Amino acid sequence: HVRGVLLYVFGQADPRVLEWLRRRLAAVDLDVVVDTSQLASFLSDRPWSPFLQYRSTERPEVCAAALAEGRVAILLDGTPFALIAPSSFWDLLHSPDDYFLRWPFASAMRLLRLISVFFSLSGLALYVAVINYHHELVPTNLLVTIVTSRAAVPYPTLVEALILNFGFDLLREAGARMPRGIGGALTVVGALVVGDAMVRGGLASAPMVVLVAIAAVSTLALPAFAVTVPFRLLSYLLLVLGSTFGLFGVAVGSVMIAGHLAALESAGRPFLFPIAPWRGKAVVEDTILRVPWQFHRRPFLTPKPDTAILGHGHPAPGGGKEDRR
């Protein structure tokens, strides 16, 4: 018998979300539940989606902040990870350290993570698409350098990119399974040695090695490992589309991914809020950027979006008249 608790602040959590979670948890049919990630699959309307639709954390301050915002935390006996519902896609890109920094630095870090997401997902696919089909977009001197570096490579750019991408993923997975003291060094040194050997042996071009390394490092800038895996997998899809159809294929693949994210929900709430549906002020307050604490308000996912999170419940700037439902 496994015991679990549903934590929320009475009067702050949305009763509809609580009822939805209770109904879903009561329908869980498992002999053994060892981690909250198993419950997340049952709580997801689209369990086949590669994206995690609920935030998982083992930090008590993150859980306490979520409860103060009106969210619900699910705790399970025997595991240190709490499941927070409802969550949004942007919550998965936020780091707890953002709230301990001054707002300009926190906003800059969030923008840097968004750039990292874009580059890790489509950076390599854009390069392959441009090199294969859109030479006119590349300055002549740079194009000559790229063509010269690829002169000795015996296979197409798609095969080259797949080999390097797979090799780096293999090194990173091996480093994660190695002892902590040498795991990181193995990944870095292995990537440098193998990449240099492939360039010297004519098996890969230098620009491709640099781009694969930047794309791989970009995924490491994301705060949660569960967020990096979908982007790494989908980057292969965009890479194939870019190599086959050029920029048109990358655009179609990106629209498909964005449409899938827009169709997801977390405990009945839009997963891409406040981008879809659009709420401009929420984007500036605590999504893409982070404003000073005096201007923070509860997110759309909670029943009282017009009051300040801090300051003993005093109304937020503007009198709290905005309807953000």
Side-chain angles (χ1 to χ4, degrees), residues 1-94 96 223-227 229-230 260-277 279 282 286-287 297-307 309 313 323-325:
H1 180 69
V2 180
R3 295 184 298 175
V5 294
L6 207 64
L7 294 181
Y8 62 93
V9 177
F10 183 77
Q12 301 292 343
D14 192 337
R16 295 169 295 180
V17 172
L18 290 172
E19 179 61 27
W20 190 92
L21 290 173
R22 289 193 179 103
R23 186 171 63 251
R24 283 299 185 95
L25 290 174
V28 173
D29 185 17
L30 286 175
D31 294 332
V32 178
V33 181
V34 297
D35 190 72
T36 51
S37 60
Q38 295 174 272
L39 298 179
S41 179
F42 281 89
L43 295 177
S44 302
D45 290 327
R46 299 183 179 229
W48 293 102
S49 173
F51 293 97
L52 182 66
Q53 295 151 50
Y54 295 88
R55 187 176 187 180
S56 180
T57 181
E58 59 179 341
R59 298 183 60 160
E61 74 274 17
V62 175
C63 190
L67 294 176
E69 291 178 346
R71 305 178 197 248
V72 182
I74 302 173
L75 299 180
L76 194 65
D77 190 17
T79 175
F81 290 94
L83 208 62
I84 297 175
S87 299
S88 70
F89 172 75
W90 313 106
D91 292 334
L92 304 178
L93 300 182
H94 293 173
F225 178 74
V227 186
V229 175
H260 173 72
L261 286 172
L264 295 178
E265 291 184 346
S266 177
R269 297 296 186 267
F271 190 57
L272 271 189
F273 179 86
I275 302 297
R279 295 294 187 275
D286 194 25
T287 303
R297 290 185 290 181
R298 288 186 174 88
F300 163 82
L301 305 174
T302 62
K304 293 184 179 181
D306 59 340
T307 56
I309 296 177
D323 184 6
R324 295 170 63 189
R325 295 175 297 176

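All values reported here derive from a predicted model rather than from experimental measurement.
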S.K.: Within a strict 4.5 Å, meaning less than it, do heavy atoms of the Leu92 and Ser87 side chains meet?
M.R.: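 Result no, sub-4.5 Å side-chain heavy-atom pair not found.
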
S.K.: Roughly how far apart are Trp20 CH2 and Arg269 CZ, rounded to 0.5 Å?
M.R.: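 Going from CH2 on Trp20 over to CZ on Arg269, the span is 10.5 Å.
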
S.K.: Not counting sequence neighbours, which residues clear ring-ring contact (aromatic ring centres under 6.0 Å, His included) with Tyr8? List them please.
M.R.: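 ring-ring contact (aromatic ring centres under 6.0 Å, His included) list for Tyr8, sorted by chain: empty.
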
S.K.: If you compare all heavy atoms of Ser56 against all heavy atoms of Thr36, which two are closest, and at what distance to 0.1 Å?
M.R.: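 Ser56 and Thr36 have their closest heavy atoms at OG-OG1, 4.4 Å.
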
S.K.: Would a 4.5 Å heavy-atom cut-off, applied to side chains only, mark Gln38 and Thr79 as touching?
M.R.: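 Contact flag for Gln38/Thr79 side chains = no.
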
S.K.: Less than 4.5 Å apart, any side-chain heavy atom of Ser266 and any of Arg55?
M.R.: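 Not in contact.
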
S.K.: Measure across Ala40 and Ser44 and return the closest heavy-atom pair with its distance rounded to 0.1 Å.
M.R.: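 Here Ala40 and Ser44 meet closest at O-OG, 2.7 Å.
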
S.K.: At what distance, to the nearest 0.5 angstrom, does CG of Asp14 lie from CG of Leu21?
M.R.: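 CG of Leu21 is found 10.0 Å from CG of Asp14.
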
S.K.: Which heavy atom of Glu61 sits nearest to which heavy atom of Pro96, and what is that distance?
M.R.: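 Heavy atoms of Glu61 and Pro96 come nearest at OE2-CB, 4.5 Å.
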
S.K.: Roughly how far, to the nearest 0.5 Å, is the CZ atom of Phe89 from the OG1 atom of Thr287?
M.R.: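 Taking OG1 in Thr287 and CZ in Phe89, the distance rounds to 12.0 Å.
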
S.K.: For residues Leu76 and Leu39, report the shortest heavy-atom separation together with the two atoms involved.
M.R.: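 Nearest heavy atoms, Leu76 then Leu39: CD1-CD1, 4.4 Å.
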
S.K.: State, with a plain yes or no, whether a side-chain heavy atom of Trp90 is found less than 4.5 Å away from one of Leu272.
M.R.: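 The answer is yes; the side chains approach within 4.5 Å.
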
S.K.: Roughly how far apart are Leu83 CG and Leu6 CG, rounded to 0.5 Å?
M.R.: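 Nearest 0.5 Å value for the CG-CG distance: 10.0 Å.
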
S.K.: Working to the nearest 0.5 angstrom, can you tell me the gap between Phe81 CZ and Cys63 SG?
M.R.: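 Phe81 atom CZ to Cys63 atom SG measures 13.0 Å (nearest 0.5 Å).
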
S.K.: Quick one: are Val62 and Ile84 in side-chain contact, heavy atoms under 4.5 Å?
M.R.: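 Counting from C-beta outward, Val62 and Ile84 do come under 4.5 Å.
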
